[in-house]
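Reminder, nothing fancy here: chain letters follow the sequence lines and each chain counts from 1. Bear in mind the structure is a predicted one, so any value in this text is a computation, not a measurement.
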Amino acid sequence: MEPHKAESMDLLRIEKLKKYFPVRRGFFQRTVGWVRAVEDVSLYLARGKTLGLVGESGCGKTTVARMILNLLPADGGRILYKGNDICGLSDKDMKPFRKEIQIVFQDPYGSLNPRMTVGQTLSEGLRITGIRGRTDRREPIERLLGLVGMAPTAIDRYPHEFSGGQRQRIGIARALSVEPALVVCDEPVSALDVSIQAQIINLLKDLQDRLGLSYVFISHDLNVVGYLCHQVAVMYRGQIMEYAPAEKVFENPLHPYTRVLLAALPDLESGKAPPATGLESERPEFALTPPEGCRFRMRCPEKHDRCRLLNPELTPVDDDHWVRCWQAPPHSTRI
Amino acid sequence: MSPETTSRAFGLEEPAAPKRTRFEEFWRLFRRNRMALAGLVIFAFFFGSAVVGWVLTSGNRPLFDPALVRLQEKLRPPLATPQATSLKPEERPVGGRYLFGTDDLGRDVFARMLQGAWVSLTVGFVAVGISVAIGIFMGGLAGFYGDRRIRLEQLLVTAVLLAGASLLTAGWRASGAWMLVLGHAWLFWSISPWGIRCRKSLPAGLRFLRKNTLMVDTLIMRFVDIMLCFPSFFLILTVVALLPASIYNIMIVIGLTSWEGTARFVRAEFLSLREQDFVSAAKALGVGNLRVIFRHMVPNAIAPVLVSATLGVASAILTEAGLSFLGFGVPPPHATWGNILSDGKRFIFDAPWLTFIPGAAILIVVLSFNLFGEGLRDILNPRLRERQ
Ligand SMILES: Nc1ncnc2c1ncn2[C@@H]1O[C@H](COP(=O)(O)OP(=O)(O)OP(=O)(O)O)[C@@H](O)[C@H]1O
Ligand SMILES: [Mg+2]
């Protein structure tokens, strides 16, 4: 079951994506269990739109991102990019798609090679697009820097000479250097200062308008997601809990987890701290062997007998609103 | 308007830090580390005198002749003037004095020390060059391709080739050559298009050949562990006892027995670099594996290797001196610091300079390399750098 029908307009379609990491112990490194990092994730993204992927730390967002980039092999499911399944492609077969899908990382300090100047970093991508000569590259590099709001003087500098926000701009420029259609942004602002966050988000939005980019925007900050995204997927422990257009998620959240997340948002106008939700982090060993039934039930304020026994499927409550919860109202058209 | 002011005017982002190259930064920090600086100065002096010494002591009629025997002038103390009456003009030392005295055959110790400096320098650098090259290769292989599995057929081909080579060197010419031919034929067949096609439809009986065995990482690192089980000085002694004594054999043997540390360093660095975001970004751009290794990983992994290489030079010099002292080193007419020391120990009370001068030279040079290496480590390690 995947949350969309009109296949033709999708840029990216993820179907039942799965990734289990083995847990190895002991001298012989035997596999004693599996971390179900991503399980049954289905999403779609239309051209020129932004898909927000929200969830707490460790719920598998980065794992999904790395699988979209084919930096990590998936254990099951399909990733269709413009209708082509890119799961498990060899390096050679993946080559044509490399230019189309790019990534911006969370950590501005680890995402740039400390031994390469900004110019060298950006020219790697240009080399791939076929601009060979050193002098031929100078002009496109300056154009890329201008695109992300950096002065052309940055070209001969090393990453350590820049602030976090500036490095993030350079990371964005690197992603843009191969003229991608889809950019996966893995928490691009969560390591930055609040004032800088706004600049980077506006930059991303501006670039989308100018270049017609599509984004998968990963975040744990619902405010940012609400501002930037057209579609929102709420993820919990490797599964999508709710998936809908941004307005619906914010105005009519149907999953208890989404409601908890929204309640925990600080109110920007009043500046008041959010009320305590009573949701402390659980013991980590649950990550290894999730209990039977709904993954969220241990923390769910509205849990039910059925939740303990069976894991609900992601089901439509509306044409474009999907929820994984036994309590969700049934699809309106089916009544 | 200058470019600076225009970019300000348009609100473009500029780096806050003043422009400083990596080298300037490095030099600024290095100058503050007195000990490392002293190490570098002594090293430069040693390097200079070894090169100059090589020029002045080699050739048909060298300025300083380390092999010139003047029996009537034996065991003269440092700074002694020669007895002019008994010496031919060409036998007189340069400057009219024996700067470091003479040994039991009346040879000029200063000339011998100069010649020995060149031996120490080349042994140190060539041996470390060999060991670093092997270490980077093995460590890089283990770190980057470590999780690949080796197939049984690959192990078998290697075994056949090695067996062939050792049979050949051991004297069984015919069988060795046959094994080599067989191994190479197998190798070429398996990479030929025909072999690749056959690979997919292997009969069930031969399917076991394509079975996965060890991981590359396991193979290399267990081999390193085995190498480290042998006390390396005795390993070198054994090998040197079997080989003809020559300076090249010493260099190669020291190089072949001291790469394990470098391999471990490089592997550890590669394992952590492989997970770094900038490496993932390069892969996502579609940069090829070789370019990722040589442009992104090696430059970031080289710092600890440089440090261990510097320390390795010191230990190679020490090993060579030790071998020469025991009589397994560079063969006699050639002077090295180790055999000057070894010859001098018989006269330690009559002519103490024969042991003190080479001993002090070894001490100072080894110490300077160690100080320089440790200074380098402090500077190249960003965490230690912040402390200063
Ligand atoms: N290489 C790996 N080996 C084993 N387990 C892994 C690996 N990578 C991730 N995991 C596990 O998978 C789960 C999801 O990790 P992931 O990095 O995708 O989370 P995330 O949602 O990106 O978290 P964050 O918000 O902190 O970045 C975690 O429980 C993590 O421990
Ligand atoms: Mg993450």
Q. Counting only heavy atoms not in B/F43, do more than 12 fall under 6.0 Å of its CZ?
A. yes
Q: Using a cut-off of under 4.5 Å on heavy-atom pairs, state which of B/S280, B/G288, B/A282 scores highest against chain A.
A: B/S280
Q: Sort A/T117 into side chain, backbone, both or neither according to what part of it lies under 4.5 angstrom from a heavy atom of chain B.
A: neither
Q) Given that the side chain runs from C-beta out, which part of A/R127 has a heavy atom under 4.5 Å from chain B: side chain, backbone, both or neither? A) side chain
Q. What part of A/L145 gets closer than 4.5 Å to chain B, counting heavy atoms only: side chain, backbone, both or neither?
A. neither
Q) Relative to chain A, which segment of B/R295 carries a heavy atom at a distance below 4.5 Å: side chain, backbone, both, or neither? A) both
Q: To the nearest 0.5 Å, tell me how far A/D91 CG sits from B/N289 CG.
A: 6.0 Å
(Q) For B/M35, I'd like to know if atom CE has over 12 heavy atoms of other residues, nucleotides or ligands within 6.0 Å. (A) no
Q | Option that, when pairs with chain B are counted at under 4.5 Å, heavy atom only, ranks first among A/L71, A/T121, A/L69 | A | A/L71
Q | Rounded distance [0.5 Å steps], CG in A/N113 versus CE in B/M297 | A | 11.0 Å
**Q.** Distance (rounded to the nearest 0.5 Å) between B/K283 NZ and A/R66 CZ
**A.** 8.0 Å
**Q.** Pairs of heavy atoms under 4.5 Å with chain B: top-ranked of A/Q106, A/R169, A/Q199
**A.** A/R169
Q: Counting only heavy atoms closer than 4.5 Å, note whether A/M150 contacts chain B via side chain, backbone, both or neither.
A: both
Q. For the candidates A/I103, A/N70, A/L112, A/T129, which exhibits the highest count of non-hydrogen atom pairs separated by less than 4.5 Å from chain B?
A. A/L112
(Q) Restricting to non-hydrogen atoms, name the atom on B/A284 and the atom on A/Q102 that form the minimum distance, rounded to 0.1 Å. (A) O-NE2, 3.1 Å
Q) Which atom names give the shortest non-hydrogen contact between A/S111 and B/D277, and what distance separates them? A) CA-CB, 3.7 Å
Q.
Can you tell me how far apart CZ (A/R98) and CG (B/L285) are? Round to the nearest 0.5 Å.
A. 9.5 Å
